[in-house]
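Notes for the one structure printed next.
In listed order, ligands and their atoms are each counted from 1. We number each residue from 1, following the sequence as shown.
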Amino acid sequence: MERKTMKGVLKSLPQEGAEYREDLPIPEVGPRDILVKVQAAAICGTDQHIINWTEYAKQRLTLPMVFGHEFAGDVVAVGSDVHELSVGDRVAGETHIPCNHCYMCKTNRRHNCANMKIIGVHAPGAFAEYISFPADCAYKLDDDISYEIGAMLEPMGVAVHGVSAGEVKGCNVLIFGCGPIGLMAVGAARAMGAKKIFAADVFDAKLEIAKVMGADAVLNTRAMSADEARAKLLEYTDGMGADVVIDYTGNAAALQQGFGMLRKNGTFIMVGLPDKPIALDLTDAIVYKEATVKGVTGRLMYETWDECIDILKNSEFSMEPVTGGVYPLSNYMDAFNAIFSGVPGKMLLIPGK
Ligand SMILES: [Zn+2]
Ligand SMILES: [Zn+2]
């Protein structure tokens, strides 16, 4: 490659904000790495932590760092030990870099590797023209999948992993949180044959999109009290409660409410991350209900990815209502500000624009 520098968004200082730079070095390609020209990237909650320099970011990042980890693009170079991919392949990136030698990796649970590294957090990310990352983290895309959708497969994988774990076919499902992942989960629950889908959030604009994605009824849990919300849900489910509750918020009040709306013997899937310990009456929430509680993180490498493609190609699921905006990479701050002002949906950044 002739050029040695690229454009990208760099987090260089331990404070709010980031910098758009045109002089970043094009990353080196190790023997098991591939170099990808990024065609589309998407903004995640993690990136909001990084740009706002929250405690989460402070504890994890070593600066300077190009961040961003949801992306798709074209392979432009491969390392000397990469034989499964070639220049010209279209790929999306799996955020989680597995070590490949721990017990979890060796027993086909690489997504839950004991020594996990994260692209855009521990290793340079995708808000740039080029990213170099391990070939193990590339998921090959066929020509039917656009780069924009490719960039949204990673969060869709979180949504689908949660819904899949809930075994929702024929079930009444309550989904808490209608950020991009929760919205994709509503669509995935529909695609997987859920009976009725209920979506809860505190923003009406997000709940409107949940309806478009397939929610039968929505609950604005800010506009009504916890008792009112529970009464509504019971009314919708013939007094039973939800068979499956999936939480994408990690919010204490949402988790407490969610357990209150779960029927006896139901399944609770926890995907959202509480930022501190939360209080829960385990006797009523879990023991007396004989509830099943499962934690879900990331996506299976790569069963969930295949599942996402299957849903995209063989169901009504559309990513369009979940796409909040598309911005040139240089205008990254406008995209972040749109998120901060409550604009619903996933924001995409395009380096080539
Ligand atoms: Zn993410
Ligand atoms: Zn491992």
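With no hydrogens or angles considered, no side-chain donor-acceptor pair links D201 and N220 at under 3.5 Å. With hydrogens and angles left out, the side-chain atoms of H49 and T54 include a donor and acceptor closer than 3.5 Å.
More than 12 non-hydrogen atoms from other residues, nucleotides or ligands lie less than 6.0 angstrom from NZ of K294.
Using a cut-off of 2.8 Å, one finds that E70 contributes an N/O/S atom close to the Zn ion (ligand 1). Inclusion of C105 in the first shell of the Zn ion (ligand 2) is supported: an N, O or S atom falls under 2.8 Å.
Between F67 and F127, the ring planes lie perpendicular to each other; the angle is over 60°, past the 30° to 60° tilted range.
The SG atom of C99 and the SG atom of C113 meet at the Zn ion (ligand 2) at an angle of about 100°, given to 10°.
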